[in-house]
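Positions are given from 1, in the same order as the sequence printed here.
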Amino acid sequence: MASEPGVGWRFLIATAKVARKHGAVVVVVTTRRSVDATANEVSRLGLDDVVRLLGIRLPWEPAFFRWLNPKFIRLEHVWWSLVARRPMRALEAHYSVIYAQHVTFATELLPTPITAYGRNVLRVWGPVGAGGVAEVFKIPPYDWAARTQWFLQLLRDRVVRVSAKMIAGRVDLVLAQNDSVISQMGVSGSKKWRVFPNVVVGSDLAKASCCDKDDRVRIGFDVGSPQILGVGHFIPRKRYDVAVRALTHPSLRHARLHLVGDTVKGRPNRLENYAHSLGVADRVVFHGRKTQHEILELMSGADVLFHPSGREGASGVVGEATSVGLPVVCFSGTGAASVLLRSEERRVGK
């Protein structure tokens with residue numbers, strides 16, 4: 001799930017319920033803009049009595065922090081993590097801090113302010129981690145963007161082992177999003193590291209039934225030809241260019257690819273241009289952003305979910321697809337594959 005609106009809220013609400021039973025409070029330490037955006041929702045949920053919002057204002061905020069570019073957001077996070085340490089320690093003057101968990105935007109590559117606390121506080125880091133496979137980025141089309149991602153993944157694989165183990169040494173428990181992270185860290189069997197996929201599938205999610213002919217036409221699907229669905233951001237790391245190129249294979253000459261999502265703000269849609277260059281643009285449908293209900297409707301009419309991401313934490317859409325019985329194709333060793341395998345284990349266990 002997306003960080004703040006997804007797993008962040010899930011943990012906040014669940015923790016608040018536990019805290020209320022024990023007469024404790026939950027202090028949410030976040031950015032000022034997140035406080036401004038969420039204060040009303042906290043009140044609406046009736047959590048005012050147990051939740052305190054603490055927004056950390058940075059002493060210096062460059063204008064590019066407000067561009068919401070992923071690279072700059074990471075820089076902001078590093079700066080915020082350093083600044084947040086002092087006010088977090090100051091909380092001990094007003095509260096008996098017993099538990100600190102870093103939930104949103106927790107990555108094994110970047111620092112966490114919960115290390116400001118000592119061993120008297122149970123420090124939980126995660127869910128963290130993204131399982132990546134560099135070889136995925138060498139699959140054609142092997143263009144400049146794919147080469148860049150390949151190099152970055154190789155570099156990340158080496159750097160993250162140092163940074164993650166360093167941070168792990170200063171916390172009590174690490175929740176890894178997938179098995180790939182555990183494997184990359186070489187910490188299998190360690191009690192400090194546990195796999196905790198950041199995937200939440202609602203209990204009310206009913207098994208999707210196959211659309212009838214009229215319904216498939218209504219949502220833009222052809223009748224009688226393979227319908228391939230892809231859901232995610234249109235960025236090089238997700239490798240949807242591989243999905244577009246697959247349409248040129250003779251076995252998929254009648255297939256249609258349905259892509260749900262959008263580019264990063266302000267970026268051109270490279271996939272659309274690529275589809276035109278291959279002569280398959282008439283068989284690629286861009287649905288734009290969709291609600292979860294609309295995505296589930298598309299899943300009910302699709303034949304397969306193709307999730308070719310080269311680096312993934314824990315793909316929520318893969319968890320949803322397996323829950324509604326839609327076959328999933330992804331690359332082995334990635335976070336998406338970890339979710340798929342664990343979903344299969346749960347189904348077999350039942």
Side-chain angles (χ1 to χ4, degrees), residues 2-3 7 62 64-65 67-85 101-116 123-139 142-190 192-198 232-233 235-239 264 308-315 330-339:
S3 192
V7 68
F64 53 72
F65 279 180
W67 295 355
L68 300 183
N69 182 294
K71 296 178 182 178
F72 297 143
I73 289 176
R74 283 165 174 75
L75 287 175
E76 181 187 26
H77 171 76
V78 173
W79 181 218
W80 180 87
S81 294
L82 295 173
V83 173
R85 294 174 65 87
Q101 181 171 4
H102 189 158
V103 180
T104 64
F105 208 91
T107 165
E108 79 277 37
L109 190 61
L110 301 179
T112 170
I114 66 172
T115 55
R123 299 154 298 177
V124 179
W125 184 38
V128 301
V133 179
E135 292 304 308
V136 171
F137 300 109
K138 297 188 76 172
I139 296 173
Y142 190 45
D143 56 11
W144 178 85
R147 287 185 174 89
T148 300
Q149 290 297 321
W150 172 78
F151 173 77
L152 291 176
Q153 184 62 50
L154 289 179
L155 181 63
R156 193 180 192 280
D157 289 343
R158 286 158 176 75
V159 173
V160 77
R161 291 190 183 98
V162 177
S163 63
K165 290 183 178 180
M166 186 181 300
I167 298 173
R170 302 178 64 187
V171 300
D172 301 293
L173 177 63
V174 183
L175 301 178
Q177 290 201 79
N178 54 63
D179 301 271
S180 298
V181 174
I182 298 290
S183 177
Q184 288 175 356
M185 293 297 107
V187 291
S188 297
S190 172
K192 176 175 283 191
W193 290 76
R194 299 182 189 176
V195 177
F196 188 96
N198 173 17
H233 294 301
I235 55 178
R237 189 173 72 239
K238 298 296 185 180
R239 295 256 53 191
V264 175
S309 178
R311 184 168 74 249
E312 191 80 33
S315 175
C330 58
F331 288 111
S332 176
T334 62
S338 180
V339 172

Quiz item: cation-pi between R147 and Y142, 6.0 Å / 45°: yes
Looking only at heavy atoms, what is the nearest atom pair of V136 and P308, with distance? CG1-O, 4.0 Å
If you compare all heavy atoms of D179 against all heavy atoms of V195, which two are closest, and at what distance to 0.1 Å? OD1-CG2, 3.9 Å
Minimum heavy-atom separation for F137 and P236, please, with both atom names. CE2-O, 4.1 Å
Closest heavy-atom pair, D157 versus R161, reported as atoms and distance to 0.1 Å, is O-NH1, 2.9 Å
Please report the interatomic distance CD1(I167) to CG(L110), rounded to the nearest 0.5 Å. 7.5 Å
Under the side chain to side chain donor-acceptor pair (under 3.5 Å) test, which residues partner R156, sequence neighbours left out? E108
Test W125 against T115 for side-chain contact (heavy atoms from CB on, under 4.5 Å), laying out the working first. CA-CA 9 Å; W125 184 38; T115 55; over 6 Å; no
Begin with the C-alpha distance, continue with both residues' side-chain angles, and end with the deciding distance and a verdict on side-chain contact (heavy atoms from CB on, under 4.5 Å) for W79 and L75. CA-CA 6 Å; W79 181 218; L75 287 175; over 6 Å; no
Taking V171 as the fixed residue, which of Q101, R123, H102 is the one that meets the side chain to side chain contact (heavy atoms under 4.5 Å, CB included) rule? R123
Calculate, to the nearest 0.5 Å, the distance between atoms CZ and CG belonging to R311 and L152 respectively. 7.5 Å
Using 0.5 Å steps for rounding, measure from the CD atom of E76 to the OG atom of S81. 10.0 Å
Tell me every residue that passes salt bridge (charged side-chain N to carboxylate O under 4.0 Å, His left out) with R85, counting only those two or more places apart in sequence or in another chain. none
For H77 and P111, indicate whether the former's side chain and the latter's backbone hold a donor-acceptor pair under 3.5 Å. yes
Please walk me through it: do V339 and Q177 pass side-chain contact (heavy atoms from CB on, under 4.5 Å)? CA-CA 9 Å; V339 172; Q177 290 201 79; over 6 Å; no
My understanding is that only residues two or more places apart in sequence, or in another chain, count here; which of them pass side chain to side chain donor-acceptor pair (under 3.5 Å) with S309? E312
Rounded to the nearest 0.5 Å, what separates atom CZ in R237 from atom OG1 in T148? 13.5 Å
I need the minimum non-hydrogen distance between V174 and A168, along with the two atoms involved. CG2-CB, 3.9 Å
Identify the two heavy atoms, one from R239 and one from I139, that lie closest to each other, and give their separation to 0.1 Å. NH1-O, 2.7 Å
Within the 4.5 Å heavy-atom criterion, are L173 and R194 side-chain neighbours or not? yes
Could you grab the distance from atom CG of L109 to atom OG of S163, nearest 0.5 Å is fine? 5.0 Å
Main chain of G232, side chain of K238: is a donor-acceptor contact present, judged purely on distance under 3.5 Å? no
